[in-house]
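In what follows, a structure is listed as structure tokens, so that the remarks can point back to it.
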Amino acid sequence: MPILVEIAGWLGALLVLGAYLLVSSGHVSGKSALFQGMNALGSTLFILNTWWHGAIPSMVLNIIWLGIGAIALMRIARQ
């Protein structure tokens with residue numbers, strides 16, 4: 001199980017960093033489902049990893065990050 005948690009953490013990091021790179025380079029919009037989905041999935045994986053390691057402040061940050069992404073995705077889906 002520990003190796004799966006580490007893989008989840010690294011995959012989460014890659015997703016969030018990749019989303020930031022895509023939006024910063026102008027390849028996607030911050031309002032796109034791709035950007036918001038990458039952030040939401042990345043933060044979900046971070047939540048798992050930080051919970052496992054007991055990093056509560058980071059876990060709370062990522063729960064909020066996930067909430068922001070989920071709300072944005074719901075708004076995109078409604079449009």
Side-chain angles (χ1 to χ4, degrees):
M1 184 69 153
I3 190 71
L4 293 177
V5 171
E6 294 306 315
I7 290 170
W10 282 105
L11 183 56
L14 290 173
L15 283 166
V16 171
L17 184 60
Y20 182 65
L21 177 66
L22 287 172
V23 80
S24 294
S25 64
H27 285 87
V28 298
S29 164
K31 295 181 179 182
S32 71
L34 176 62
F35 175 75
Q36 296 299 335
M38 288 175 73
N39 271 306
L41 181 56
S43 65
T44 300
L45 295 171
F46 270 145
I47 290 166
L48 171 65
N49 184 272
T50 55
W51 169 78
W52 179 269
H53 289 288
I56 304 305
S58 182
M59 185 181 76
V60 170
L61 169 71
N62 281 289
I63 290 170
I64 294 167
W65 195 281
L66 173 59
I68 293 168
I71 290 168
L73 283 169
M74 286 188 287
R75 287 183 178 161
I76 291 168
R78 275 191 257 144
Q79 291 178 352

What donor-acceptor contacts under 3.5 angstrom involve side-chain atoms of residues 47-69, with partners at least two apart or in another chain?
{"unit_1": "N49", "atom_1": "ND2", "unit_2": "V5", "atom_2": "O", "d": "2.9"}
{"unit_1": "T50", "atom_1": "OG1", "unit_2": "F46", "atom_2": "O", "d": "2.8"}
{"unit_1": "T50", "atom_1": "OG1", "unit_2": "I47", "atom_2": "O", "d": "3.3"}
{"unit_1": "H53", "atom_1": "NE2", "unit_2": "E6", "atom_2": "OE2", "d": "2.4"}
{"unit_1": "N62", "atom_1": "ND2", "unit_2": "S58", "atom_2": "O", "d": "2.9"}
{"unit_1": "W65", "atom_1": "NE1", "unit_2": "N39", "atom_2": "OD1", "d": "3.1"}

Could you pull out the closest heavy-atom pair between L73 and A40, with the gap in Å?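 For L73 versus A40, the nearest heavy atoms are CD1-CB, 4.2 Å.
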Of the non-hydrogen atoms in F35 and Y20, which two are nearest, and what is the gap between them?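 Distance-wise, the nearest heavy atoms are CE1-N, 4.2 Å.
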Output yes when a side-chain donor or acceptor of Q36 lies under 3.5 Å from a complementary backbone atom of G30, and no otherwise.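 Here the side-chain-to-backbone pair exists.
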Measuring from I76:CD1 to R78:CZ, what's the distance to the nearest 0.5 Å?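 Spacing of CD1 (I76) from CZ (R78) equals 11.0 Å.
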Do M38 and V28 have side chains that get closer than 4.5 Å, going by heavy atoms?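 With C-beta onward as the side chain, the pair stays apart.
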